[in-house]
Protein chains: 2
Amino acid sequence: MKKKILIHDIAKHLGVSIATVSLVLNGKAREKRISDTLAEKVLKYVDEVGYKPNQLAKSLRTGKTHVIGLVVEDIANPFFATIAALIERKALARGYRILYCSTNNDTTKALDLLAMFEEQHVDGYILALPNGVEAEVSALVRRSKPLVLFDRVLPGVLTNTVVVDGVAGTYVATQHLLAQGFTTIALIITQLEQTQMAARQQGYAQALREHNQPELVQEIAFPQEPEQIVLAMQRFFEAHPTCDAVLFATNYLGVSGLEALGRLGRRIPEQIAVVSFDDNDLFRLYSPPVTVVAQPMETLAESIIGALLNELERPGTTDALVQIQLTPQLVVRQSSIRPVAL
Amino acid sequence: MKKKILIHDIAKHLGVSIATVSLVLNGKAREKRISDTLAEKVLKYVDEVGYKPNQLAKSLRTGKTHVIGLVVEDIANPFFATIAALIERKALARGYRILYCSTNNDTTKALDLLAMFEEQHVDGYILALPNGVEAEVSALVRRSKPLVLFDRVLPGVLTNTVVVDGVAGTYVATQHLLAQGFTTIALIITQLEQTQMAARQQGYAQALREHNQPELVQEIAFPQEPEQIVLAMQRFFEAHPTCDAVLFATNYLGVSGLEALGRLGRRIPEQIAVVSFDDNDLFRLYSPPVTVVAQPMETLAESIIGALLNELERPGTTDALVQIQLTPQLVVRQSSIRPVAL
DNA sequence: CTGAAAGCGCTTACAG
DNA sequence: CTGAAAGCGCTTACAG
């Protein structure tokens with residue numbers, strides 16, 4: 001068990017001062033007029049003995065941890081898992097680590113996580129939060145903490161945001177269903193109080209309004225076992241036998257929806273057409289393949305990390321907010337194509 | 001913007017010493033014979049002003065960060081995403097945060113991550129690693145770092161492990177296929193050098209050997225685009241038209257396999273029976289539903305975090321290693337049932 | 001219980 | 001460039 005080597009040991013061995021070693025390691029050799037020869041000697045020896053500065057001490061002194069706090073709704077949700085994987089890779093490439101947590105849409109848990117991240121002195125925040133935490137996030141903004149909200153924003157909180165245009169997404173999807181000739185189009189949605197869901201409802205409502213068609217919206221309460229969600233949907237479809245198309249507002253509703261329709265023995269798209277927000281393996285490989293409103297995952301992740309790094313590495317200036325809205329893409333598959341033979 | 005409050009401010013305001021405040025906050029009031037009245041006064045005021053000790057300073061002093069480093073193969077893989085979600089929840093409940101990273105099965109990246117975690121002074125490690133990092137992990141073990149390997153272990157590294165019995169998993173699955181009367185059973189697998197994959201191959205080989213059936217194993221190189229994997233499988237199935245059953249050794253191989261069989265127009269299970277390791281929504285809802293070897297996710301997560309906390313909170317004693325092997329469960333669905341009418 | 005102090009391992013302004 | 005020192009914000013042994 002080798003003893004932990006300290007900056008002091010480096011300095012002593014090389015016969016230079018601690019300050020010299022520290023300055024060289026922090027790239028301030030030139031600035032502080034340390035000769036290149038000496039700087040190289042230091043770097044060479046540091047590399048040789050594998051000296052790594054104690055990050056805790058460094059962080060305590062500088063106030064920087066190079067850790068980013070990532071809050072998602074649920075890391076087991078494919079949308080968030082994919083985004084997390086992409087963000088992690090991009091952050092790591094820029095020298096930042098990710099401390100992550102899931103809120104499971106619980107406001108209390110979200111507040112705890114924000115407090116915890118603060119205690120850990122994360123350098124920046126990437127957040128997909130439930131409502132009810134506006135005051136705390138505003139406080140972070142006020143204190144100029146680097147921060148990006150994604151997926152959904154918070155009413156009244158003015159900060160950096162990266163979202164996907166939910167209105168356009170469901171508008172286009174609903175138009176598509178109408179164009180196919182479906183007449184009774186249901187929207188199954190959850191957490192309407194969240195901005196991304198409100199947007200998805202709006203796009204749906206707008207398209208129907210333009211065609212003078214009535215809305216048929218079923219909201220499903222969120223924190224529930226999948227089985228409960230499936231049962232709720234079974235009840236809904238049984239109560240609405242004339243419904244000939246359905247739009248699921250998010251991936252896990254789509255999955256539960258397919259399960260519910262399967263149990264009821266409804267044939268897709270002959271008896272009911274299906275479209276879901278978010279793409280994944282299941283929708284692509286299902287029989288029939290499911291039409292989806294796909295979010296641009298790569299661009300989303302790139303925009304999020306870009307916006308945050310912009311804040312993290314700004315030279316302390318007052319810069320404009322970054323507010324990005326990306327456009328989702330309708331991927332038409334068989335589940336929403338009206339059969340030719342009626 | 002409120003000024004950060006320090007332990008010194010608390011002490012001054014209450015007219016007590018810093019030591020008193022610190023001892024009370026660390027639950028050493030009784031031990032240090034501080035009166036309950038005073039202790040309560042301190043706690044009350046601390047709560048009132050919302051004082052939170054600076055964790056960096058605390059960590060620098062105590063050497064404890066209450067952060068656990070979690071290394072997975074890929075957080076976007078449903079198996080790892082699910083495990084991560086469960087571990088995170090259980091760790092948080094015990095006061096630990098999770099710093100996570102994906103290796104994508106890249107040995108160099110894995111080494112970087114281990115170094116990074118060490119720099120961050122994580123208290124403990126939960127690791128699913130690629131091969132080639134045995135020396136570094138052994139070094140951690142030698143230095144008594146709390147550590148648990150899961151999913152796969154490392155040859156020659158003696159430490160805490162939590163794995164699922166891969167031999168039993170594929171043995172039972174293969175037996176099932178044989179019992180159904182399938183004769184040419186292929187195994188599609190990857191990374192045979194990893195212990196969990198080697199075990200899965202073993203179980204398959206053993207079952208076939210007992211029935212004097214030949215093996216038909218196709219290994220797929222891992223770090224590949226999904227599309228490349230699908231194409232490789234298409235080639236395999238075309239090259240082996242007599243193959244009437246296939247066992248996929250892990251979830252993403254199963255997903256790609258369904259895609260490949262779909263493109264080739266092979267009917268399941270009429271033309272080919274399918275079983276995959278790992279369960280997920282896709283396998284459950286696919287037409288036909290796919291038979292799987294399901295890992296006990298909850299128990300797995302519970303065992304992992306339990307083993308680690310056991311190390312983290314032991315009173316510095318020499319305790320026995322924890323080596324847990326859980327049994328997977330064969331969930332028989334339609335994809336592997338031989339059609340009655342031939 | 002208090003008070004003063006050392007120490008965790010760094011960074012950095014300062015005088016020379 | 002060096003050397004001595006302060007300071008980041010804690011914890012804890014020590015003398016009283």
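Side chains are part of it too, since the values below use all heavy atoms of this structure and drop only hydrogens, waters and symmetry mates. In the text below, chain A, chain B and the rest are named by the order of the sequence lines, each starting its count at 1.
- No side-chain donor-acceptor contact under 3.5 Å links A/Asn104 and A/Glu73.
- DNA chain C is contacted by A/Arg61, A/Thr62 of residues 59-66 of chain A, taking any non-hydrogen atom closer than 4.0 Å.
- Contact check on A/Lys44 versus A/Glu40 returns no salt bridge, with no Lys/Arg side-chain nitrogen under 4.0 Å from an Asp/Glu carboxylate oxygen.
- Using a 4.5 Å heavy-atom threshold, the side chains of B/Ser303 and B/Leu326 count as touching.
- Between B/Arg30 and B/Asp36 there is a salt bridge, with a side-chain nitrogen of the basic residue lying less than 4.0 Å from a carboxylate oxygen of the acidic one.
- One N or O on the side chain of A/Asp123 and one on the backbone of A/Thr65 form a donor-acceptor pair closer than 3.5 Å.
- A close approach under 4.0 Å does not occur between any side-chain nitrogen or oxygen of A/Thr20 and OP1 or OP2 of D/dC1.
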Write down the protein N/O and nucleotide N/O pairs, taken from nucleotides 13-16 of chain C, whose separation is under 3.5 Å; answer none if there are no such pairs.
none

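- Distances shown here put every side-chain N or O of B/Lys58 at or beyond 4.0 Å from the OP1 or OP2 atom of D/dG9.
- Among the nucleotides D/dT2, C/dT12, D/dG9, the one closest to any side-chain atom of A/Lys28 is C/dT12.
- For the atom pair CD1 of B/Ile98 and CD1 of B/Ile126, the computed distance is 5.5 Å after rounding to the nearest 0.5 Å.
- For the segment residues 39-56 of chain B, the set of residues with a heavy atom within less than 4.0 Å of an atom of DNA chain D comprises B/Tyr51, B/Pro53, B/Asn54, in numerical order.
- For B/Gln196, the side chain to side chain donor-acceptor pair (under 3.5 Å) criterion is met by B/Gln194, not counting sequence neighbours.
- Relative orientation of the B/Tyr100 and A/Tyr100 rings is perpendicular, given thresholds of 30° and 60° on the angle between their planes.
- Side chain of A/Arg152 to main chain of A/Leu129: a donor-acceptor pair is present (N/O by atom type, distance under 3.5 Å, no hydrogens or angles).
- Using cut-offs of 30° and 60° on the angle between ring planes, the pair B/Tyr125 and B/Phe117 is tilted.
- Both key distances under 3.5 Å define a Watson-Crick or G-U pair, and stretches of 3 or more such consecutive pairs in DNA chain D run C:1-3 with D:14-16, C:5-12 with D:5-12, C:14-16 with D:1-3.
- A donor-acceptor contact closer than 3.5 angstrom links the side chains of B/Glu88 and A/Ser102.
- A salt bridge is absent between A/Glu119 and B/Lys58; no separation between the charged side-chain nitrogens and carboxylate oxygens falls under 4.0 Å.
- Nearest-nucleotide assignment on DNA chain C puts the 5′-proximal partner with B/Val16, out of A/Ser22 and B/Val16.
- Under the rule for a side chain to side chain donor-acceptor pair (under 3.5 Å), B/Gln323 has no partner lying at least two apart in sequence or in another chain.
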